[in-house]
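One structure is given here, and the rest of the page talks about it.
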Amino acid sequence: MKVLKNISLKNLNTFGVDVKSKYFVEVYSEEELKQVLNSEEFPHQQKLILGSGSNILFTKDFDGLIIKNSISGIKLLDEDSNKVIVEAGAGVIWDELVKYCIDKNIGGIENLSYIPGMVGAAPIQNIGAYGQELEDTFYELNGIYVDNCETKNFNKSECSFSYRNSIFKNELKNKFVITSVRLKLNNNPDANFSYNPVKEEVEKRNIKHPTIKDIREIVIDIRKNKLPDPVEIGNAGSFFKNPVVAKEKFKVLEKEYPDLKYFFIDDYNIKIPAAWLIEKCGWKGKRIGDAGTHKMQPLVIVNYGNASGKEIYEISMMIKNDVKTSFEITLENEVNIL
Ligand SMILES: Cc1cc2nc3c(=O)[nH]c(=O)nc-3n(C[C@H](O)[C@H](O)[C@H](O)COP(=O)(O)OP(=O)(O)OC[C@H]3O[C@@H](n4cnc5c(N)ncnc54)[C@H](O)[C@@H]3O)c2cc1C
């Protein structure tokens with residue numbers, strides 16, 4: 001294991017922000033991780049666990065130790081004719097896990113195809129897209145506490161999953177390292193195409209009985225058309241969560257804005273697309289220097305060139321202020337700010 005000093009993180013975050021980390025180490029096993037956490041070299045250094053940096057905005061140099069989790073391996077555990085438990089190391093690329101499952105006709109995560117990042121980060125914000133969330137198939141995970149190196153297994157209810165949220169994004173933020181994740185998946189999968197854009201595409205392609213492989217292909221095509229590729233233009237996907245408002249507030253908004261977009265969560269709560277609010281405030285495709293919003297998808301803040309993390313953060317604050325002033329709605333960050 002080699003500890004690097006003062007390294008640039010430019011290629012380790014999808015915003016492509018050029019900041020430095022005081023120390024950096026990559027671990028490939030639980031033993032190596034424990035060795036680093038127990039090491040006398042870093043007891044007082046703040047520590048950050050990094051996957052592929054697709055949900056992080058570095059606003060300054062990191063004055064501590066970054067541990068890149070590269071624990072690999074995919075295994076099929078318990079299996080019967082209906083269900084199979086699949087275990088993956090935290091350092092497996094999420095989409096490689098999805099592809100591995102689909103190649104074996106194991107279903108349940110195909111709608112989550114092509115989400116960037118590592119398996120170990122998937123539970124952090126309960127990744128979700130196109131009508132599926134990680135919690136729908138989550139079984140359990142293993143990990144290690146940063147402070148005392150104790151191992152712990154979390155079952156689903158202990159993870160406190162909710163919309164783009166979990167215990168690991170709150171009480172346990174930077175305190176617990178996920179080392180492996182187990183999912184309970186289907187050996188006799190049914191394709192889920194209830195989500196409108198997927199359904200429309202199934203119909204357009206005239207697929208009578210879509211398979212999970214069809215769904216993966218459709219989701220990948222939709223994503224490639226809709227979202228900027230971080231390799232070409234720095235970004236971390238949706239910068240903000242979609243806000244949820246109470247029915248009374250929704251009624252006021254609906255009256256004022258007949259073109260308001262929304263989804264009913266239940267009888268009392270309504271989700272408003274953050275992209276709609278941001279666009280209404282005139283932020284679609286707006287750019288200040290090298291930081292701005294994407295021209296097609298204003299919810300995605302992008303680095304058009306050499307924007308600093310601070311500049312990107314400032315844009316996010318301007319957007320938040322404008323949405324608050326115009327709609328009395330507070331946007332919450334989906335991206336982790338450092
Ligand atoms: C183009 C694009 C599209 C996206 N689309 C979606 C989408 O549709 N749905 C969605 O939910 N997300 C989406 N995202 C966000 C992102 O892909 C996910 O949040 C992903 O799970 C982040 O994985 P990562 O490995 O890059 O995590 P990182 O960005 O490296 O880390 C994210 C957070 O998790 C922590 N962390 C990482 N690994 C571990 C670990 N092993 N143990 C403990 N803590 C850890 C980090 O400290 C950090 O706080 C998108 C991002 C991009 C760039």
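Counting starts at 1 for both ligands and their atoms, following the listed order.
With hydrogens left out, the protein atom closest to atom 28 (P) of ligand 1 is G53 N, 3.6 Å, a heavy atom. Taking atom 36 (N) of ligand 1 as the reference point, the nearest protein heavy-atom neighbour is I49 O, 3.8 Å. The nearest heavy-atom contact from the protein to atom 27 (O) of ligand 1 is A121 CB, 3.3 Å. Atom 6 (C) of ligand 1 has its closest protein heavy atom at R223 NH2, 3.5 Å. For atom 1 (C) of ligand 1, the closest non-hydrogen atom of the protein is N235 OD1, 3.5 Å. Atom 22 (C) of ligand 1 has S54 OG, 3.3 Å as its closest protein atom, hydrogens excluded (heavy atom only). Q125 NE2, 3.1 Å is the protein heavy atom nearest to atom 12 (N) of ligand 1. From the protein, the heavy atom lying nearest to atom 13 (C) of ligand 1 is I115 CG2, 3.8 Å.
Atom-to-atom distance recorded for L185:CG and N105:CG is 11.5 Å, nearest 0.5 angstrom.
We find that R216 and D95 are joined by a salt bridge, their nearest charged nitrogen and carboxylate oxygen being less than 4.0 Å apart. Under a 4.0 Å N-O distance rule, the pair K251/E254 does not qualify as a salt bridge.
Residue-to-ligand polar distances keep G237 apart from ligand 1: every N/O pair is separated by 3.5 Å or more. Of the N or O atoms in P116, one or more lie within a sub-3.5 Å distance of an N or O in ligand 1.
A ring-ring contact (aromatic ring centres under 6.0 Å, His included) check over residues 181-211, counting only residues at least two apart or in different chains, returns the pairs Y130-Y195.
Here atom 29 (O) of ligand 1 lies nearest to N55 when heavy atoms of N55, L48, I127 are compared. The option with the heavy atom closest to atom 42 (N) of ligand 1, from among N111, N69, V335, I178, is I178.
The minimum heavy-atom distance linking Q297 with A275 is given by the pair OE1-CB, 3.4 Å.
Listed by atom number, the atoms of ligand 1 under 4.0 Å from L50 heavy atoms are 30 (O). Heavy-atom proximity to G117, at under 4.0 Å, picks out these atoms of ligand 1: 23 (O), 24 (P), 25 (O), 26 (O). Which parts of ligand 1 touch M118 is read off a 4.0 Å heavy-atom cut-off, strictly below it: atoms 23 (O), 24 (P), 25 (O). Of all the atoms in ligand 1, the ones that sit under 4.0 Å from a non-hydrogen atom of F176 are 42 (N), 43 (C).
Using cut-offs of 30° and 60° for the angle between ring planes, the F161 and F138 rings count as perpendicular.
V252 is linked by a side-chain contact (heavy atoms from CB on, under 4.5 Å) to nothing, counting only residues two or more places apart in sequence or in another chain.
For the residue pair K310 / T59, no side-chain donor-acceptor distance below 3.5 Å is found, with atom types taken as modelled. For the 3.5 Å distance criterion, the side chains of E87 and S180 fail to qualify, holding no donor opposite an acceptor.
In this structure, N188 contributes its side chain and D190 its backbone to no donor-acceptor pair below 3.5 Å.
Heavy atoms of R164 approach ligand 1 to within less than 4.0 angstrom.
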